[in-house]
Amino acid sequence: MAKKRKRTDAPAEAAGADKPDDSAPERPPRTLFGFTEPAPDAEAAPAEAGSAVAPFRNKEKVLITCSRRIAYRYRHLMQDILSLLPHAKKDSKVESKQSKGSALNELLELRSCSSCLFFECRKQKDLYLWMVKSPGGPSIKFLVNAVHTMEELKLTGNHLKGSRPLITFSTNFDEQPHWKLVKEMITQIFATPKDHRKAKPFHDHVFAFSIVDGHVWFRNYQISVPHNEIDKVDKGGLDKMTLIEVGPRFCLNPIKIFGGSFGGPTWYENPYYISPNQIRALEKRQKAGKYAKKVKAKVRRKMHEMENTLEPDEFAELWKGE
Amino acid sequence: MVGLAREEALAHDEVIMDDADSDVEVSDSEDDSGEEAQATPSENAIYNKEAILEKLEDIAWPKNVDWMHKLTIEHDQGGKVDVNDDLARELAFYTQALDGTRQAFEKLQSMKVRFLRPTDYYAEMVKTDAHMHKIKGRLLSEKRRIEEAEERKKAREAKKIAKEVQAEKNKQRAKDKKEQIESVKKWRKQRQQGGFAKGNDDVPDLNFEGEEGFKQSKKKRPGVSPGDRSGGLAKRGKEGKNRRSRDAKFGHGGRKGLKKQNTAETTNDFRSYKGGESQTKKRKRS
């Protein structure tokens, strides 16, 4: 009963936290309940390292589900993301009627997950991705385009399953508040916790999130650098480093940001977003417009002819009756 | 846009899940069909910056959390990236990832963390071995296809050149032949003019050394050694004795007259000699 918590991160944290903690008085050694040894430095030090008392531990757990009637390509995308995130749990398909908020929140609580990636597929054509932080956290709804799964033969890279990724962001994530929120949520969801059971040791792949044209683009690359030792790169090694794309690839278009999980007050709407239904309707209307335009043009021509009649042609009778 | 105005009406305190599903009201007038996304479509889009920032503070990890937990790098994109130019866009992503990895590796190296995977570390990979095998097969077949196309192109070029060279050679040969005939005619004329009793002074200057001499056809029969008098046709089995004998007698390119040849058998063959009759005949006469 001496130590209440596992101090796995303690050496790393304690190394950074060298200030003596004067504010909190030390506990008197209790003889009855076993605090016989004086509290070691590691206990006192973390008062200012990271959060209030405990060293920071990433206990993120992501729930990955999808709606029914999801298309094969999006299902494979979901499975690919599942294999990239060792701290993710997959759950069975959610009935579309149930996907109205409350059922999904209950599911999150049940599986004790702190965030959720929910793939909602509508009309078997459009994929929407919800990124949700569980207990009352914000939720973001994205439209997913340009999906390429890992199965494609042109994406030739490969990496360890469960190794922790390096995540790169482009600097335009820091420009506006809603992008900052997106960046924070992506970091929390996609970064594998350091001491997770299923996490593998080395770092051999890198995620790239960038904002281009108001969309978030995702790429996953395998790092290949010629090396002989495992903790040091050779002299010219960094220059000879190449990245090979592993996949998957997708592009997210943010639609709305809500205050609660799977609902709540709308905090942000993307002004440039047009729903795929509207796009399809516009296209159809364009096509339909062709015939209407033709008819109109005919009528207009007739009106014009009626108004300006031609003079009778002098030479009309020239060849007649020869 | 009508769509967004409608969404606003539903907004604020409701669960908004269905906006993508309901039908779009058709209210466009006749003349503006086909309107794409405008530059700033709806000025009344909601943007609650304070609430967002507040929530961000709530959910964010503590500021001084160790970098090892996050492993994030920021990279400046530089100029604007054109979305529609695929190559430029992918290049931008690639450089972002590359730069980020370089920075991260430097950090990791300074922290003395083991971050490079040794080559003999076998563990489950994110793509199965069978899949990687398929990828390899495809890459190899692509390479082969490219090489074949290159070879075919080269062969075509070579053929063209060879044809030209051949044409040249033919022309040259024709010219030489003509020249020779001309020179013989000239010589004859000269002799005619100068009388025939000259002797052999004016031997026609048939320049034999000019060309390379008389050359037998260079067409070699494949598989025939130069010393083979039968011309490579001695070994032709499985034809039946009738076929063979007829071939030899009448065949085009049959066995080249090996009938009368001094071989080991024929020198010691005295069957045809019957006590040397011919000699006695001759002796009797003379």
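Excluded from the calculations below are hydrogen atoms, water molecules and symmetry mates; all remaining heavy atoms, backbone and side chain alike, are included. So that the names make sense, note that chain A is the first sequence line, chain B the second, and so on, each numbered from 1.
- Figure legend: cation-pi geometry between R89(B) and W217(A), with NZ or CZ positioned under 6.0 Å from the six-membered ring centre and within 45° of its axis.
- For P165(A), the part sitting under 4.5 Å from any heavy atom of chain B is the backbone (N, CA, C, O) and nothing else.
- A cation-pi arrangement is found for K107(B) relative to W67(B), the charged atom lying closer than 6.0 Å to the ring centre and inside a 45° cone about the ring normal.
- With a 4.5 angstrom heavy-atom cutoff, E106(B) touches chain A only via side-chain atoms.
- When each of K63(B), E90(B), H131(B) is scored by its heavy-atom pairs under 4.5 Å with chain A, the top score falls to E90(B).
- Because its NZ or CZ atom is both nearer than 6.0 Å to the ring centre of Y47(B) and within 45° of the ring axis, K49(B) counts as a cation-pi partner of that residue.
- When heavy atoms are compared at a cutoff of 4.5 Å, V225(A) approaches chain B solely by way of its side chain, counted from C-beta outward.
- In this structure, chain B has heavy atoms under 4.5 Å from both the backbone and the side chain of T242(A).
- Contact annotation for L98(B): both backbone and side-chain heavy atoms come within less than 4.5 Å of a heavy atom of chain A.
- Looking at F173(A) and V182(A), their side chains come closer than 4.5 Å, going by heavy atoms from C-beta outward.
- Side-chain polar atoms of E120(A) and S67(A) form no donor-acceptor pair below 3.5 angstrom.
- You'll find the side chain of F207(A) stays beyond 4.5 Å of the side chain of R219(A), heavy atoms only.
- Of the atoms belonging to R280(A), not a single heavy atom falls under 4.5 Å from chain B.
- Using a 4.5 Å cut-off between heavy atoms, F105(B) contacts chain A through its side chain alone, with no backbone atom that close.
- Contact count versus chain B (heavy atoms, under 4.5 Å) is highest, among Q176(A), K154(A), K133(A), Q188(A), for Q188(A).
- Within the 4.5 angstrom heavy-atom criterion, atoms from both the backbone and the side chain of A51(B) approach chain A.
- No other option in Q109(B), R114(B), E74(B), K127(B) has as many heavy-atom pairs under 4.5 Å with chain A as K127(B).
- Proximity to chain B is limited to the side chain of A191(A), based on heavy atoms less than 4.5 angstrom apart.
- For D213(A), the parts lying near chain B are the backbone and the side chain together; criterion is any non-hydrogen pair under 4.5 Å.
- Contacts of D126(A) with chain B are absent, with no heavy-atom separation under 4.5 Å from either backbone or side chain.
- Taking every heavy atom of both residues into account, T168(A) and A97(B) meet most closely at OG1-CA, 4.2 Å.
- Of the listed residues (K70(B), H75(B), E50(B), K112(B)), the one with the most heavy-atom contacts under 4.5 Å to chain A is H75(B).
- With a threshold of 4.5 angstrom between heavy atoms, L155(A) approaches chain B through its backbone and through its side chain.
- Side chain to side chain, H203(A) and S163(A) fail the donor-acceptor criterion of an N or O pair below 3.5 Å.
- Side-chain contact between V206(A) and I167(A) is absent, with no heavy atoms from C-beta onward closer than 4.5 Å.
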Q96(B) and S170(A): side chain to side chain donor-acceptor pair (under 3.5 Å), yes or no, with the steps? CA-CA 7 Å; Q96(B) 178 183 323; S170(A) 62; 4.6 Å; no
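- The side-chain heavy atoms of N58(A) and K194(A), taken from C-beta on, include no pair separated by under 4.5 Å.
- When the candidates I59(B), D99(B), V81(B), D58(B) are compared by the number of heavy-atom contacts under 4.5 Å with chain A, I59(B) comes out ahead.
- Atom CG of L140(B) has more than 12 neighbouring heavy atoms from other residues, nucleotides or ligands inside a 6.0 Å radius.
- In this structure, the portions of M68(B) lying under 4.5 Å from any heavy atom of chain A include both its backbone and its side chain.
- Contact of R138(B) with chain A is made through the side chain alone, with heavy-atom distances under 4.5 Å.
- Contacts with chain A were tallied for R102(B), M111(B), Q103(B), E142(B); R102(B) has the most, counting heavy-atom pairs under 4.5 Å.
- Of the listed residues (H159(A), M185(A), E283(A)), the one with the most heavy-atom contacts under 4.5 Å to chain B is H159(A).
- Between the CD atom of Q278(A) and the CZ atom of R285(A) there is a distance of 9.0 Å, given to the nearest 0.5 Å.
- Both the backbone and the side chain of L181(A) come within less than 4.5 Å of a heavy atom in chain B.
- Only the backbone of F209(A) comes within contact range of chain B, with heavy atoms under 4.5 Å apart.
- Looking at S139(A), its side chain does come within 3.5 Å of a backbone N or O of G260(A) through a donor-acceptor pair.
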